[in-house]
Amino acid sequence: MASIESKDIRKIIVACDAGMGSSVMLAGQLRKALKGQDIEVAHIPVNSIPADADVVLCHAGLAARARASAPDTVLIPFQIFIGDPAVTGLVATIKKGGTVHD
């Protein structure tokens, strides 16, 4: 189980199958929700997760591929692209402080 302190998060990756479409929407939502935080949010194909990612968000169906691509990074799988409790919880933890873990 990977973890990171919210104050240490600098890069969040929204990973999806092709790196377009729904992940673009979710990345945009995260950028708005985290405005004012010093955190980069990017959408990237699940097989191309960069080594400097601190947290990876991906649909639950892609979690195994994301884990293989970024084995030591905090991985947060979600079920729905807008309003998922896992994503909402991540944003809340970043804003109030605390540990993010998968």
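As the structure is a prediction and not an experimental result, all values here were calculated from the model.
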Intermediate values then yes/no, side chain to side chain contact (heavy atoms under 4.5 Å, CB included), I39 and I12: CA-CA 7 Å; I39 299 174; I12 298 174; 3.8 Å; yes
Stepwise side chain to side chain contact (heavy atoms under 4.5 Å, CB included) test for L90 and V55: CA-CA 10 Å; L90 171 64; V55 176; 4.1 Å; yes
Pairing of K11 and D52 as salt bridge, 4.0 angstrom limit: yes
Side-chain donor/acceptor of D102 to backbone N/O of M1, under 3.5 Å: no
Show the atom names and distances, to 0.1 Å, of all donor-acceptor pairs under 3.5 Å that link a side chain in residues 72-87 to residues at least two apart or in another chain.
from : atom 1 : to  : atom 2 : distance (Å)
D84  : OD1    : A86 : N      : 2.8
D84  : OD2    : Q79 : N      : 2.8
D84  : OD2    : I80 : N      : 3.0

Inter-residue atom distance R67.CZ - C58.SG, 0.5 Å rounding: 9.0 Å
Separation between OG of S69 and CG of L62, rounded to the nearest 0.5 Å: 11.0 Å
Euclidean distance, S6 OG relative to K96 NZ, rounded to 0.5 Å: 9.5 Å
R31 side-chain N/O to V41 backbone N/O, donor-acceptor pair under 3.5 Å: yes
Exercise: identify the closest heavy-atom pair between I44 and S48: CG2-O, 3.3 Å
Donor-acceptor contact present, side-chain T99 to main-chain I4, <3.5 Å: no
Atom of H43, atom of S23 and distance for their closest heavy-atom approach: CB-OG, 3.6 Å
Over all atoms of both residues, closest heavy-atom pair of A66 and V56: CB-CG1, 4.4 Å
Test log, rule side chain to side chain contact (heavy atoms under 4.5 Å, CB included), inputs R65 and D17: CA-CA 9 Å; R65 287 173 56 195; D17 210 16; 2.8 Å; yes
Shortest non-hydrogen contact between H101 and S3, atoms and distance: CB-CB, 3.7 Å
Atom pair CD (Q37) and CD1 (I94), whose distance is rounded to the nearest 0.5 Å: 7.0 Å
Under 3.5 Å donor-acceptor, T93 side chain and G89 backbone: yes
Pairwise side-chain contact, V46 with C16, heavy-atom cut-off 4.5 Å (strictly under): no
Euclidean distance, K32 NZ relative to Q29 CD, rounded to 0.5 Å: 6.0 Å
Heavy-atom side-chain proximity of D54 to D8 below 4.5 angstrom: no
Residue pair L30, L57: steps toward the side chain to side chain contact (heavy atoms under 4.5 Å, CB included) verdict: CA-CA 11 Å; L30 280 170; L57 289 161; 3.3 Å; yes
